[in-house]
*Asks:* 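Can you read through this structure? Questions will come right after.
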Amino acid sequence: MKSTMSILVVDDDPSDRALVRRTLENGFISVNIAEADSRANVERILTTGACDVIVTDCKLRGANGIDIIDLIRGLGVEVPIVMLTGSGTEEIAIEAMKRGVADYVTKTEDHIECLPLTIAHALEKAQSERDGQRMEQAIRENEKRYRMLVENSRLCIHEIDLEGRIISINHAGLAMLGGIEERDVYGSCYTESVFEDDRPRVDALLSQAREGKASHFEFRSIVDGKIRHFASCFTPLRGEDNDIEKLMGITEDITERITLKNKLERLVNLERAARENAEESEKQISNTLERITDGFVALDRDWRYTFLNKKAGELLGRDPKDLVGKNIWEEFPEGVGEPFYHAYHEAMTTQKTIMLEEYFGPWERWFENRIYPSSVGISIFFQDVTVRKRAEADLLRAEKLELVGLLAGGIAHDFNNMLTGIIGNISLARMYAGDGKKSFEVLSRAERACGQAQSLTQRLLTFSTGGEPVKKIMSIVDLLRENAEFVLSGATSQCTFAIAETLWTVEVDPGQFAQVIQNLIVNANQSMPDGGVINVEAENVTLSEEDGLPLAPGRHVRISVADHGVGISASLLSKVFDPFFTTKQRGSGLGLATSYSIVKQHGGYITVNSDIDVGSTFHIYLPHVAGDVDAADDDEELTYAGKGRVLIMDDDELVREFSGDALAELGYTVATARDGADAISLYADARASAEPFDLVVLDLTVPGGMGGKDAFMEIRKIEPKVKAIVSSGYSNDPILSNYEQYGFVDAIAKPYKVGKLSEVVHKAINDAG
């Protein structure tokens with residue numbers, strides 16, 4: 001790892017160069033500064049040596065800032081460039097940034113102090129761009145998992161480009177179209193199969209989606225010679241530049257539902273025309289309405305119920321007989337002002353049919369309404385579509401988390417490599433120091449600090465499939481109290497607890513679930529700037545299908561965290577679990593997204609309801625798992641001495657040095673290799689010299705070189721019975737979790753200490769198998 005930064009300063013004013021040098025030396029611990037006062041000096045320095053970043057003035061004798069940039073790039077130098085500007089030269093700096101300059105700083109005493117931070121940001125941006133290239137391949141591989149999710153859906157999931165052409169469709173969609181072949185669908189216009197009368201409306205709603213607004217609509221089509229009715233929802237998908245690139249749609253065949261509703265509409269019309277025979281017609285209609293699966297209510301012009309079917313009573317949670325003759329807004333005052341309230345009044349006033357699908361906040365449910373006016377009032381067909389809406393939201397959220405997970409997994413892998421060298425060498429130094437010495441205590445503190453850094457990688461891995469929880473059957477009572485009180489230590493807010501005395505056991509990863517509790521408590525505390533009371537509850541609940549949650553019916557533990565803060569508006573409520581979404585100036589937008597991901601990986605579900613200036617309540621549902629409570633982990637580290645020849649392959653020099661020194665101290669003879677090709681060569685030479693290795697430790701991922709998997713296959717050609725251990729900073733790799741299927745005798749995840757390394761090496765060498 002490079003410890004000294006090299007910076008080239010280009011300026012023809014000696015006093016300005018001195019000012020820049022002082023600023024850089026004060027801003028960086030270790031920096032090597034070269035200076036150039038002319039084009040010739042710039043060319044000489046860049047052709048004879050390398051630098052990490054270039055700081056250049058906007059003007060130079062015989063040249064301006066644009067000329068300097070062209071000279072640098074013409075020499076093939078691609079390091080970040082930061083430009084210094086004087087008074088009135090910002091225009092040149094801005095033009096330079098269009099040519100690829102990372103940033104510019106005004107050359108005054110006040111602004112020059114920002115130069116070290118600007119350089120750091122420029123280097124970080126350049127590194128991020130290089131990391132992004134490495135992630136492209138991982139993103140393509142992850143696309144396969146996303147496609148599997150889409151293809152297994154029972155709904156039609158498809159994507160269209162901005163011109164309306166179909167670019168993807170799953171098997172369910174092909175089946176809805178009558179079993180048509182994929183090659184006959186791709187590239188065709190989405191609205192080709194739409195009835196001509198419906199096309200203008202569909203085109204208008206698709207245009208709304210292209211402008212960034214989700215659209216819902218119904219349309220008719222002919223499939224296998226018969227008229228079919230479909231309901232679609234289209235959502236815009238944005239690219240990296242936040243521009244809308246395409247539209248994703250979810251379509252459902254609603255033919256049977258529409259057919260039944262058309263019959264009911266005819267019955268309603270018959271009721272109007274045959275008022276003299278109202279008693280018989282009412283009986284016929286009532287019998288029909290009682291058999292349908294939608295809720296149905298009839299309201300007169302004074303907003304009194306005149307009829308409710310059985311399903312309507314179930315959805316409203318009331319006995320239909322108790323509601324007939326009563327005013328809807330008096331019985332359900334929470335509905336006043338809601339979207340349904342305005343839609344009912346509009347239908348009553350304009351005598352127009354209205355279709356509406358909206359979220360009803362007071363009940364935390366989505367409802368679909370079809371409102372039909374008549375001379376005596378309005379008739380309403382409605383159904384609870386909460387499960388479908390949550391499935392749509394989960395599908396979009398899964399796509400977002402998947403992309404964030406790829407980036408997080410890559411960062412965590414690199415960080416784990418670095419931590420292996422740091423933590424491993426600290427544990428090795430502790431072993432050298434011995435118990436009771438002052439240095440041992442200092443190293444122990446450093447090791448604990450590294451443990452906090454290691455928890456950061458675990459948080460990153462939560463976004464990737466590498467964050468698979470290590471679950472234990474346990475009671476979460478102590479976990480709730482300890483983490484809530486820890487977060488509020490020194491805060492003006494305080495917690496109250498209401499926890500069931502015999503709370504059911506659950507199976508969780510204590511470390512991951514602690515993050516969930518901490519994130520929710522932090523969120524609650526920040527919502528009350530002046531402090532307040534946070535209510536934490538835990539209770540046993542038995543869920544049924546009527547609860548409308550995407551969980552299997554049965555026993556669950558529900559944890560609730562409620563604050564009395566500013567609340568969340570209804571328009572933002574559906575976005576709170578999206579990665580990088582935040583309403584706080586200093587928030588990262590990862591806390592609630594992390595919590596959502598962790599709870600989902602534990603087979604649970606998390607919901608939120610909120611009112612402005614009243615507060616927010618988050619509910620977590622975890623499935624009850626019966627069994628013996630697992631014992632706590634033993635943190636004591638043991639080391640295992642041994643003998644034998646061990647070959648260690650790792651692309652990180654710190655990891656190689658730590659592993660080699662540790663095993664040598666414990667009695668082993670160690671050789672190291674930087675990549676798979678080097679390891680194969682060393683292994684072949686050792687076997688030819690009659691001093692073969694007893695064990696090989698192979699790093700799974702080597703950027704730009706042969707990794708552990710391929711190297712192991714080649715070594716097995718030399719010695720089929722070779723013993724090998726696989727190591728990686730990616731704990732989600734199937735080779736690491738199923739190492740025996742690939743021929744390895746054991747696996748070790750980074751970061752690791754001396755004790756863990758010595759344990760797996762000792763076991764592998766001394767295993768008779």
Side-chain angles (χ1 to χ4, degrees), residues 218 229 231 252-272 274-275 277-336 338-341 343-344 347-348 353-360 362-374 376-390 542-550 553:
E218 295 182 4
H229 294 261
E252 180 183 8
D253 189 328
I254 59 170
T255 303
E256 294 182 3
R257 186 194 310 166
I258 293 297
T259 300
L260 180 57
K261 289 179 180 178
N262 288 339
K263 292 179 180 178
L264 292 172
E265 286 183 51
R266 289 195 293 271
L267 289 175
V268 171
N269 291 332
L270 287 173
E271 187 269 340
R272 296 175 188 163
R275 191 167 301 279
N277 299 318
E279 189 172 323
E280 183 64 27
S281 297
E282 182 177 344
K283 182 178 180 180
Q284 181 183 8
I285 294 172
S286 298
N287 290 337
T288 302
L289 292 174
E290 288 296 349
R291 292 195 297 268
I292 68 173
T293 58
D294 282 10
F296 175 83
V297 299
L299 301 170
D300 64 19
R301 302 192 69 84
D302 294 322
W303 300 108
R304 293 189 299 263
Y305 287 105
T306 59
F307 179 82
L308 302 90
N309 68 354
K310 181 179 178 182
K311 185 62 177 182
E314 294 175 1
L315 294 173
L316 297 174
R318 300 283 292 275
D319 189 333
K321 295 179 181 178
D322 294 338
L323 289 175
V324 172
K326 295 181 179 178
N327 186 286
I328 179 176
W329 309 123
E330 293 177 359
E331 295 301 311
F332 300 100
E334 63 270 28
V336 176
E338 291 289 323
F340 299 136
Y341 175 86
Y344 291 176
M348 188 83 80
T353 298
I354 296 177
M355 299 182 182
L356 184 69
E357 183 177 87
E358 285 289 345
Y359 180 73
F360 188 52
W363 292 0
E364 301 179 31
R365 290 286 188 272
W366 283 86
F367 287 95
E368 178 187 270
N369 275 225
R370 285 171 172 77
I371 311 159
Y372 301 96
S374 68
V376 296
I378 56 175
S379 300
I380 306 159
F381 295 92
F382 66 104
Q383 63 178 204
D384 187 333
V385 294
T386 304
V387 173
R388 175 171 62 81
K389 296 296 293 184
R390 284 176 174 167
T542 301
L543 299 180
S544 63
E545 294 182 357
E546 286 72 23
D547 290 303
L549 294 173

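Values below: all heavy atoms of this structure, side chains included; hydrogens, waters and symmetry mates excluded.
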*Asks:* Between Pro339 and Leu356, what is the shortest heavy-atom contact and its length?
*Replies:* O-CD2, 3.8 Å

*Asks:* Could you pull out all residues at least two apart from Glu338 that satisfy salt bridge (Lys or Arg N to Asp or Glu O under 4.0 Å)?
*Replies:* none

*Asks:* Do Tyr359 and Arg365 pass the side-chain contact (heavy atoms from CB on, under 4.5 Å) test, and can you show the C-alpha distance, the side-chain angles, and the key distance before you say yes or no?
*Replies:* CA-CA 6 Å; Tyr359 180 73; Arg365 290 286 188 272; 5.9 Å; no

*Asks:* So which heavy atom on Pro373 is nearest to which on Ala347, and how close?
*Replies:* CB-O, 3.5 Å

*Asks:* Of all residues at least two apart in sequence or in a different chain, which pass the side chain to side chain donor-acceptor pair (under 3.5 Å) check with Lys261?
*Replies:* Asp294

*Asks:* Restricting to non-hydrogen atoms, name the atom on Gly548 and the atom on Val387 that form the minimum distance, rounded to 0.1 Å.
*Replies:* O-CG2, 3.9 Å

*Asks:* Taking all heavy atoms of Glu358 and all of Trp366, pick out the closest pair and write down the distance.
*Replies:* C-CE3, 3.4 Å

*Asks:* Considering residues at least two apart in sequence or located in another chain, which fulfil the side chain to side chain donor-acceptor pair (under 3.5 Å) criterion with Asn369?
*Replies:* Tyr344

*Asks:* What is the distance from atom CZ of Phe381 to atom CZ of Phe296, rounded to the nearest 0.5 Å?
*Replies:* 5.0 Å

*Asks:* With rounding to the nearest 0.5 angstrom, report the NE2 to CZ distance, His229 to Arg257.
*Replies:* 12.0 Å

*Asks:* To the nearest 0.5 Å, what is the distance between CD1 (Ile380) and CG (Leu299)?
*Replies:* 4.5 Å

*Asks:* Applying ring pair (Phe, Tyr, Trp, His ring centres under 6.0 Å), name anything that partners Trp363, two or more places apart in sequence or on another chain.
*Replies:* Phe332, Phe360

*Asks:* Hey, could you give me the CD1/CD1 distance between Ile378 and Ile354, rounded to the nearest 0.5 Å?
*Replies:* 8.5 Å

*Asks:* Who pairs with Ala312 by side chain to side chain contact (heavy atoms under 4.5 Å, CB included), at least two apart in sequence or on another chain?
*Replies:* Val297, Leu308, Asn309, Phe382

*Asks:* Only counting residues at least two apart or in another chain, list the ones meeting salt bridge (Lys or Arg N to Asp or Glu O under 4.0 Å) with Arg301.
*Replies:* none

*Asks:* Could you pull out all residues at least two apart from Thr259 that satisfy side chain to side chain contact (heavy atoms under 4.5 Å, CB included)?
*Replies:* Thr255, Lys263

*Asks:* Can you tell me if Thr306 uses its side chain to pair, donor with acceptor, with the backbone of Asp300 under 3.5 Å?
*Replies:* no

*Asks:* Extract all donor-acceptor atom pairs below 3.5 Å that involve side chains of residues 313-327 and protein atoms in other chains or at least two apart in sequence.
*Replies:*
unit_1	atom_1	unit_2	atom_2	d
Arg318	NH2	Glu331	OE1	2.6
Asp319	OD1	Lys321	N	3.0
Lys326	NZ	Asp322	O	3.1
Asn327	OD1	Trp329	N	2.8
Asn327	OD1	Glu330	N	3.2
Asn327	ND2	Asp302	O	3.3

*Asks:* CZ of Phe367 to CD of Glu357: how many Å apart, nearest 0.5 Å?
*Replies:* 11.5 Å

*Asks:* Checking Glu256 now: which residues fulfil side chain to side chain contact (heavy atoms under 4.5 Å, CB included) with it, not counting sequence neighbours?
*Replies:* none

*Asks:* Which distance, rounded to the nearest 0.5 Å, do you find between the CG of Asp547 and the OG1 of Thr386?
*Replies:* 11.0 Å

